[in-house]
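First the structure, in the form of structure tokens, and then the observations on it.
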Amino acid sequence: MTTAPGPTLHTDRLILRPTASEDFPRWAEFMAHPTSRFVGGPQPAEAAWRGFMGMAGAWALSGVAMFSVIDRQSGLWLGRIGPWTPLGWPGTEVGWGLHPDAQGKGYGIEAATAAIDYAFDVLGWTEVIHCIDPDNTGSQNLARALGSTNLGPAVLPPPFETFPVDRWGQSREQWRAQRS
């Protein structure tokens, strides 16, 4: 297994670690599925590969990218969740995308909580946002469960500038107040 450089986080059920070569088959399945429409899909494996390599490259070059979410018990890749700051992005995002068979099991909130703690405590971010399509009620529900609120419409950088998104988020102080 070849893994991008970066930290590893542990929760009760999950391991969050940088992208590894062994993650690609499930990543490609996720990106080919209709539920990936809110994160740039559905797309063929060749297009998914470019996104996959971009995530690994972000880890290698900037030290910040979404974690691969791994089930501690089975070792199965469940999705990608974590800090994400592409050039021109409307803020410091903790984003998410879970494989269809991992949805609805509480993995999103468990992993996103660890990733937000990491963003505030280790990366020193003062705000976390989530760019969410107005039709993506599942992600809106996760954002609400995390304590984020809808801050209004945002514009993503090219080539995503025509994708409708709302900017959800909260400050480090808001996060810490609700966690205590």
Side-chain angles (χ1 to χ4, degrees), residues 3-20 23 38-40 51-70 78-98 102-103 106-180:
T3 304
T8 299
L9 310 178
H10 297 271
T11 70
D12 288 342
R13 299 181 297 163
L14 307 171
I15 298 168
L16 283 71
R17 60 153 171 75
T19 309
D23 303 339
F38 298 122
V39 292
F52 178 79
M53 295 304 283
M55 197 66 69
W59 273 116
L61 295 177
S62 73
V64 176
M66 289 191 199
F67 293 97
S68 280
V69 180
I70 309 298
L78 302 174
R80 59 186 192 206
I81 295 178
W84 186 233
T85 59
L87 182 64
W89 215 247
T92 47
E93 179 169 24
V94 168
W96 48 77
L98 290 173
Q103 295 176 12
Y107 297 133
I109 195 154
E110 186 174 337
T113 297
I116 293 171
D117 282 342
Y118 178 80
F120 287 141
D121 298 343
V122 177
L123 299 177
W125 290 4
T126 59
E127 176 188 55
V128 162
I129 67 160
H130 323 290
C131 294
I132 302 175
D133 185 292
D135 293 331
N136 190 344
T137 57
S139 280
Q140 292 167 14
N141 291 338
L142 177 53
R144 278 188 200 95
L146 293 165
S148 292
T149 59
N150 188 337
L151 305 172
V155 177
L156 299 179
F160 308 108
E161 69 272 19
T162 61
F163 290 27
V165 295
D166 288 327
R167 186 174 173 263
W168 290 68
Q170 63 186 295
S171 69
R172 179 173 47 211
E173 292 73 27
Q174 291 168 318
W175 176 253
R176 288 184 175 155
Q178 68 144 341
R179 294 273 283 151
S180 58

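Contact detail for Val128 and Ala119: the closest heavy-atom pair is CG2-CB, 4.2 Å. Nearest heavy-atom pair, Ala102 versus Tyr107, reported as atom, atom and distance to 0.1 Å: O-CD1, 3.2 Å. Between Asn150 and Trp168, the shortest heavy-atom distance links the atoms N-CE3, 3.4 Å. Nearest approach of Pro7 to Phe67, heavy atoms of both residues: O-CE2, 3.7 Å. For Glu110 against Asp12, the heavy-atom pair with the smallest separation is OE2-N, 3.4 Å. Between Val94 and Ala112 the shortest heavy-atom distance is CG1-O, 4.5 Å.
Note that CD of Gln103 and CG of Leu142 are 11.0 Å apart. Values are rounded to the nearest 0.5 Å. Ser171 contributes atom OG, which lies 6.5 Å from atom CZ of Phe120 (distance to the nearest 0.5 angstrom). Atom CE in Met66 sits 12.0 Å away from atom CG in Leu16 (nearest 0.5 Å). Atoms OG1 and CG, from Thr113 and Leu146 in turn, are 5.0 Å apart once rounded to the nearest 0.5 Å. Taken to the nearest 0.5 Å, the OG1 atom of Thr85 stands 10.0 Å off from the CD atom of Glu93. Put simply, CG on Leu151 and CD on Glu127 are 6.5 Å apart, with the number rounded to the nearest 0.5 Å.
Checked options Ile132, Asn136, Val165; the residue passing with Phe38 is Asn136 (criterion: side chain to side chain contact (heavy atoms under 4.5 Å, CB included)).
Contact check for Ile129 versus Pro90: side-chain heavy atoms found under the 4.5 Å cut-off. The side-chain heavy atoms of Leu14 and Leu9, taken from C-beta on, include no pair separated by under 4.5 Å. Between Leu78 and Ile70, every side-chain heavy-atom pair lies at or beyond the 4.5 Å cut-off. Looking only at side-chain heavy atoms (C-beta outward), Glu161 and Leu156 stay at 4.5 Å or farther from each other. With a 4.5 Å cut-off on side-chain heavy atoms, Val64 and Trp125 count as touching. Residues Pro164 and Asp133 meet the side-chain proximity criterion, which asks for heavy atoms closer than 4.5 Å.
Under the ring pair (Phe, Tyr, Trp, His ring centres under 6.0 Å) criterion, Phe163 pairs with Phe160, sequence neighbours left out. Partners of Ser148 according to the side chain to side chain donor-acceptor pair (under 3.5 Å) rule, which considers only residues two or more places apart in sequence or in another chain, are His130, Gln170. Here Trp59 pairs with nothing under the side chain to side chain donor-acceptor pair (under 3.5 Å) rule; sequence neighbours left out.
Between the side chain of Asn141 and the backbone N or O of Thr137, at least one donor-acceptor pair lies under 3.5 Å. Distance alone, capped at 3.5 Å, places no donor-acceptor pair between the Arg80 side chain and the Val69 backbone.
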Determine, step by step, whether Thr8 and Ile15 satisfy the side-chain contact (heavy atoms from CB on, under 4.5 Å) criterion, reporting the C-alpha distance in whole Å, the side-chain angles of both residues, the deciding distance to 0.1 Å, and the verdict. CA-CA 7 Å; Thr8 299; Ile15 298 168; 3.6 Å; yes
Could you go step by step and tell me if Leu98 and Ile81 meet the side-chain contact (heavy atoms from CB on, under 4.5 Å) rule? CA-CA 8 Å; Leu98 290 173; Ile81 295 178; 4.0 Å; yes
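A salt bridge links Arg176 to Asp121: at least one charged side-chain nitrogen sits closer than 4.0 Å to a carboxylate oxygen.
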